[in-house]
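So the structure is just underneath, and the comments pick up after that.
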Amino acid sequence: MTDTASLQPDTILKKLGPSLFAKNFVFHRSLHSTNTVAKELASQGAPEGTIVLAEEQRAGRGRMDRRWLSQGYLNLLFSILLRPPMPPDQVFVLTMILALATIKGVGEISGLKPMIKWPNDLYVHPKKLGGILTEFSAKGKGVEYVVLGLGLNVNWSPDDDEEISNPTTSILAETGLKVSRNDLLIGILKPFETYYRKVLAGEIEDFCKRWNEYSILIGNDVEIESGEETVRGKVLRIDRDGALIIKDDEGKEQKIVSGDVSIKFGEAG
Ligand code: BTN
């Protein structure tokens with residue numbers, strides 16, 4: 001039997017070997033949200049590197065209090081607890097290195113090349129493959145903990161699910177391949193650990209370059225909805241602090257710190 005069927009924490013830990021993420025590996029078949037559980041564990045003093053992995057979430061959450069829907073036993077749903085010595089305005093780097101590690105893991109197991117859609121999504125354009133929910137607790141000028149939660153559509157056929165309205169895809173839908181979620185998780189956690197250690201050593205520039213290279217927004221005309229406001233412009237870059245830098249219709253640079261972006265096609269200029 002292949003191991004595409006179920007998540008096997010023992011196999012994952014054995015294959016992961018010595019790792020920051022082997023210290024406190026928490027697995028639930030069903031829970032409300034891996035991010036919520038990871039935050040609860042963080043406030044109870046759980047160590048850096050704690051992983052919360054689930055087959056199914058009853059109340060998966062996305063950015064801006066949206067729901068994260070995912071059919072159980074087919075996808076990857078997990079959260080990573082970190083305690084980095086960094087100020088809150090550097091936390092975006094952690095979201096990006098998880099996105100880059102996911103791109104690597106997905107590419108190696110399936111050949112698929114997802115892209116990053118600012119600020120936290122993974123796309124096989126024009127469809128969403130996954131998303132990252134980053135939450136942190138600040139303490140003084142630093143962070144007490146950061147929880148990075150990844151929801152990645154793996155062996156699911158999103159079209160079969162009527163509750164999903166936004167264009168959504170999965171590794172299976174894109175490639176026809178059913179992959180081992182155990183191996184995929186390892187293929188994400190290993191590079192993520194390497195990248196995280198580099199970030200802690202102050203090596204951020206190269207990652208910043210790479211998340212710009214993998215961004216589907218760079219060079220595109222976009223519309224950003226942020227609260228009541230809609231801003232339009234061409235995307236120039238994504239800065240280290242997570243801001244999206246656009247050139248607006250008047251040729252002025254604008255710094256966007258949050259919002260929902262859509263790419264405009266078929267427009268002149
Ligand atoms: C988004 O697209 O806005 C982010 C979605 C993040 C979903 C993941 S699934 C694992 C973790 N637990 C949650 O409740 N959310 C994240």
Side-chain angles (χ1 to χ4, degrees), residues 7 9 12 21 25-43 46 50-82 91-92 94-103 105-106 114-137 145-156 158 161 163-171 181-182 184-185 188-189 192 211 215-217 224-226 242 244 257-262:
L7 289 169
I12 295 168
F21 306 119
F25 197 94
V26 179
F27 173 70
H28 289 259
R29 274 194 181 78
S30 179
L31 46 54
H32 36 291
S33 150
T34 59
N35 263 45
T36 306
V37 170
K39 288 200 295 180
E40 285 163 6
L41 293 173
S43 40
T50 294
I51 298 287
V52 180
L53 172 71
E55 282 284 17
E56 184 177 70
Q57 291 185 134
R58 297 186 298 274
R61 296 183 288 112
R63 201 168 62 97
M64 296 173 160
D65 282 335
R66 293 179 182 136
R67 288 191 303 162
W68 181 258
L69 296 172
S70 170
Q71 197 182 318
Y73 294 80
L74 294 176
N75 297 324
L76 268 184
L77 305 163
F78 69 95
S79 299
I80 305 172
L81 165 61
L82 299 173
V91 166
F92 178 75
L94 302 177
T95 308
M96 286 297 102
I97 60 167
L98 181 55
L100 291 170
T102 305
I103 288 170
V106 169
M115 301 282 281
I116 297 170
K117 179 162 179 260
W118 181 88
N120 66 322
D121 287 339
L122 287 158
Y123 261 64
V124 178
H125 197 66
K127 295 182 176 177
K128 182 158 166 168
L129 181 73
I132 297 170
L133 178 64
T134 301
E135 298 180 291
F136 64 89
S137 158
Y145 66 78
V146 178
V147 169
L148 301 170
L150 175 70
L152 186 67
N153 299 332
V154 184
N155 293 327
W156 182 33
D161 199 316
E163 268 199 277
I164 304 293
S165 51
N166 292 330
T168 304
T169 194
S170 68
I171 296 176
R181 290 174 298 143
N182 300 307
L184 178 55
L185 178 60
I188 294 171
L189 290 179
F192 179 76
W211 78 61
S215 167
I216 51 172
L217 299 181
I224 304 138
E225 280 178 45
S226 181
L244 185 76
V257 293
S258 69
D260 275 331
V261 192
S262 46

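All values below come from the heavy atoms of this structure, side chains included, with hydrogens, waters and symmetry mates left out. Note that ligands are numbered from 1 as they come in the structure, with each ligand's atoms numbered from 1 the same way. By convention here, the first residue in the shown sequence is residue 1.
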Discussion item. So is Q57 touching ligand 1 or not, going by heavy atoms under 4.0 Å?
Written reply: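 The answer is yes, since Q57 has a heavy atom less than 4.0 Å from ligand 1.
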Item to complete: Return the option from N120, L31, N35, N75 holding the heavy atom at the smallest distance from atom 1 (C) of ligand 1.
Response: N120
Discussion item. Could you go through T95 and N120, starting from their C-alpha distance and side-chain angles, then the distance that decides it, and tell me whether this counts as side-chain hydrogen bond (donor to acceptor under 3.5 Å, both in side chains)?
Written reply: CA-CA 7 Å; T95 308; N120 66 322; over 6 Å; no
Heavy atom of the protein closest to [atom] (residue, atom name, distance):
{"atom": "atom 2 (O) of ligand 1", "answer": "K128 NZ, 2.6 Å"}
{"atom": "atom 8 (C) of ligand 1", "answer": "G151 N, 3.5 Å"}
{"atom": "atom 5 (C) of ligand 1", "answer": "W68 CE3, 3.4 Å"}
{"atom": "atom 15 (N) of ligand 1", "answer": "R61 O, 2.7 Å"}
{"atom": "atom 3 (O) of ligand 1", "answer": "R63 N, 2.6 Å"}
{"atom": "atom 11 (C) of ligand 1", "answer": "T34 OG1, 3.1 Å"}

Worksheet entry | Close aromatic pair by centroid cut-off 6.0 Å: W118 and Y123 |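 No, ring centres 6.0 Å or more apart.
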Discussion item. Test salt bridge (Lys or Arg N to Asp or Glu O under 4.0 Å) on D260 and R66; report intermediate values, then the result.
Written reply: CA-CA 12 Å; D260 275 331; R66 293 179 182 136; 2.5 Å; yes
Under 4.0 Å from a heavy atom of [X]: which atoms of ligand 1 are those, numbered in the order shown and with their elements?
{"X": "D121", "result": "2 (O)"}
{"X": "G62", "result": "1 (C), 3 (O), 4 (C), 5 (C)"}
{"X": "I132", "result": "4 (C)"}
{"X": "L77", "result": "9 (S)"}
{"X": "G60", "result": "14 (O)"}
{"X": "G131", "result": "2 (O), 4 (C), 5 (C), 6 (C)"}
{"X": "S33", "result": "12 (N), 13 (C), 14 (O)"}

Fill in: Geometric class of the F192/F21 ring pair [parallel <30°, tilted 30-60°, perpendicular >60°]
tilted
Reported [atom1]-to-[atom2] distance for the pair [X] and [Y], which is rounded to 0.5 angstrom:
{"X": "L41", "Y": "S43", "atom1": "CG", "atom2": "OG", "answer": "8.0 Å"}
{"X": "E55", "Y": "S70", "atom1": "CD", "atom2": "OG", "answer": "10.0 Å"}
{"X": "K39", "Y": "S137", "atom1": "NZ", "atom2": "OG", "answer": "9.0 Å"}

Worksheet entry | Chi angles and distances behind the side chain to side chain contact (heavy atoms under 4.5 Å, CB included) call for L76, T102 | CA-CA 11 Å; L76 268 184; T102 305; over 6 Å; no
Worksheet item: Under the side chain to side chain contact (heavy atoms under 4.5 Å, CB included) criterion, do Q57 and T34 qualify, and how do the steps go?
Response: CA-CA 7 Å; Q57 291 185 134; T34 59; 3.3 Å; yes
Worksheet item: Does S33 reach the main-chain N or O of R61 with its side chain, forming a donor-acceptor pair under 3.5 Å?
Response: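 Pair absent, no side-chain N/O of S33 close to backbone of R61.
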